[in-house]
Amino acid sequence: MPACLVPTIDISVLRTSPKRPVAQLRQGAAETGFFYVEGHGISTAETERAFSVGREFCDLPDKAKARYNFVPDRYLGWRSTEDMCSVTGNRCIQRAGFGRYGVGGYDSRNQVFLGQRWPEELGTRWRDACLDIQQQMHAVAKKVLKGLALALNRENDFFDQHMEFDSEQNPSFMAWNWYTGTADIAPQTGPRLHGHADHSLITLLFQQPGEVGLEIAPGKAVDVNPELDKPGNPWNTMPVAQEWIPVDPKPGCILVNIGDGLAWWSDGVFKSTYHRVRSPTPDDPQGPRVSMPYFVFPDLNFEFQGPAKRYPPMTAFKLLSETGNAYEARKNDAQGAWKKQAYTTANRSTLQHTESPSE
Ligand SMILES: O=C(O)CCC(=O)C(=O)O
Ligand SMILES: [Fe+2]
């Protein structure tokens, strides 16, 4: 991979000497939509603790985890390998997302706060550790978003007041993806995680050193994947690129990618790039893999739009619930009627994921 495709940006100097990091942020966001950040202030020990917090939840029996099942409106909760199979076409990943109030603590449609719902089995120590890492990720995210706003010549605090960490309105959340090692499952076809674009403003991703597999398709033409084209599979119209570029874990760095939200706010200048996790090749480690994304959103009903108004006003609620609910509807629709209103005809249809990088 040419080094410049996914630049590494030192964000510790963003406040004192912003010129260089802001220029790098602009390039990374506008070309591939992916960049590493260093100087983010989250220590290796804290990162490892966050991985082990996730592991404690993953190690609960499936029956216990099912009490915290996926909530489509917020995109939170646990999804078993069976559930993920209907998403990605194989049984090699389970995944869980926890927000500020655990799982499903806020009815966003009716804007009613429903109280906290954390895994009781793991106690308040677990909840506090989960919130602690989210708080740190949130601070890094705000910093990166300010730099990205400067890179667009827009007011750098645009999202700041509308994404307070403590706000009940803020749906940013932490997730863990646990990929099963190849020895523990029957041979699988297709990628470990299907090609997709994130619906966040930005996503901060921690990966474990050596656990390769993430690939991106910047500015590439995309196609339907025939392997996934099965009735009831919500993602079978998800485009899949002909060429994927690996983006391996970089020790000490957080990988950041632009999501649909910021592509929207930048009128398409920043790219929300398709990415996937490939199944291990013979040269890859065959063991389990784990990744830890933090999906960053402004408050649920805060409207944002690019200055050129290329796309209509957008909210985090729309980004989250349309994806989550469309996914559920399609999963349960054996007749395939959902195809008529596939992912790409949702409100986000006009967002260009595949256009060439801008000059
Ligand atoms: O596992 C990874 O490295 C990527 C995960 C990802 O793209 C996601 O959860 O949206
Ligand atoms: Fe992703």
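None of these values were measured; they are calculated from a predicted model. Ligands are counted one by one from 1 in listed order, and the atoms in each one are counted from 1 as well.
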Asker: I'd like to check which ligand 1 atoms, numbered from 1 as shown, lie under 4.0 Å from a non-hydrogen atom of P293.
Answerer: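 Counting atoms of ligand 1 from 1, those under 4.0 Å from P293 are 9 (O).
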Asker: Would E215 and R192 pass as an ion pair if we require N to O under 4.0 Å?
Answerer: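 Salt bridge flag = no for R192 with E215.
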Asker: Provide the number and element of each atom of ligand 1 under 4.0 Å from a heavy atom of L205.
Answerer: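 In order of number, 3 (O).
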Asker: Identify, by atom number and element, the atoms of ligand 1 in contact range of H275, meaning under 4.0 Å from any of its heavy atoms.
Answerer: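 In order of number, 7 (O).
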Asker: Less than 4.0 Å is my threshold; does some heavy atom of A175 fall inside it relative to ligand 1?
Answerer: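 Per 4.0 Å heavy-atom rule, A175 does not contact ligand 1.
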Asker: List the closest protein heavy-atom neighbour of atom 3 (O) of ligand 1: residue, atom name, distance to the nearest 0.1 Å.
Answerer: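 Here the nearest protein heavy atom works out to R289 NH2, 3.0 Å.
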Asker: Is the NZ or CZ atom of R154 positioned over F158's six-membered ring, under 6.0 angstrom from the centre and within 45° of the axis?
Answerer: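 Relative to the ring axis of F158, which defines the angle, R154 lies inside both limits.
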Asker: Please note down the angle at the Fe ion (ligand 2) between NE2 of H275 and OD1 of D198, to the nearest 10°.
Answerer: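 It is 90°, given to the nearest 10°.
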Asker: Test ring-ring contact (aromatic ring centres under 6.0 Å, His included) on H275 and F34 and set out the steps.
Answerer: CA-CA 10 Å; H275 51 285; F34 273 78; 5.4 Å; yes
Asker: Are E56 and R125 ion-paired here, with the side-chain N under 4.0 Å from a carboxylate O?
Answerer: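 Salt bridge present between E56 and R125.
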Asker: What protein heavy atom sits nearest atom 5 (C) of ligand 1, and how far off is it?
Answerer: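 The protein heavy atom lying closest is N177 ND2, 3.3 Å.
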Asker: What heavy-atom pair brings N170 and R100 nearest, and what distance separates the two atoms?
Answerer: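 In terms of heavy atoms, the two residues are closest at OD1-NH2, 3.5 Å.
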Asker: Tell me which protein heavy atom sits closest to atom 8 (C) of ligand 1, plus the residue, atom name and distance to 0.1 Å.
Answerer: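 Here the closest protein heavy atom is H196 NE2, 3.7 Å.
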Asker: Among all the protein's non-hydrogen atoms, which is closest to atom 6 (C) of ligand 1, and how far away is it?
Answerer: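 Ranked first by proximity to atom 6 (C) of ligand 1 is L193 CD2, 3.6 Å.
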Asker: Examine ligand 1 and decide if any of its atoms is less than 4.0 Å from a heavy atom belonging to R95.
Answerer: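 Yes, that is the case, since the closest heavy atom of the residue is under 4.0 Å from the ligand.
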Asker: Which atoms of ligand 1 have any heavy atom of F295 under 4.0 Å away?
Answerer: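 Here the atoms of ligand 1 in question are 8 (C), 9 (O), 10 (O).
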Asker: Taking the basic N atoms (NZ, or NE/NH1/NH2) and the acidic carboxylate oxygens, is any pair closer than 4.0 Å for E31 and K271?
Answerer: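 Judged by the 4.0 Å cut-off on N to carboxylate O distance, E31 and K271 do not form a salt bridge.
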Asker: What distance separates D260 CG from I258 CD1, expressed to the nearest 0.5 Å?
Answerer: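 Answer rounded to 0.5 Å: 11.0 Å.
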Asker: Taking NZ, NE, NH1 and NH2 as the nitrogens, is one of them in R67 or E121 under 4.0 Å from a carboxylate oxygen of the other?
Answerer: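 Yes, charged N to carboxylate O under 4.0 Å.
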Asker: Mind checking whether T203 contacts ligand 1 via backbone (N, CA, C, O), side chain (CB onward), both or neither, at a 4.0 Å heavy-atom cut-off?
Answerer: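 No part of T203 is near ligand 1 at this cut-off.
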Asker: Which atoms of ligand 1 have any heavy atom of Y179 under 4.0 Å away?
Answerer: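 Contacts of ligand 1 toward Y179, numbered from 1: 1 (O), 2 (C), 5 (C).
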Asker: Could R278 and D284 be called an ion pair, given the rule that one side-chain N must be under 4.0 Å from one carboxylate O?
Answerer: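 Yes, charged N to carboxylate O under 4.0 Å.
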Asker: Return the residue, atom name and 0.1 Å-rounded distance of the protein heavy atom closest to atom 2 (C) of ligand 1.
Answerer: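 Closest protein heavy atom to atom 2 (C) of ligand 1: S291 OG, 3.3 Å.
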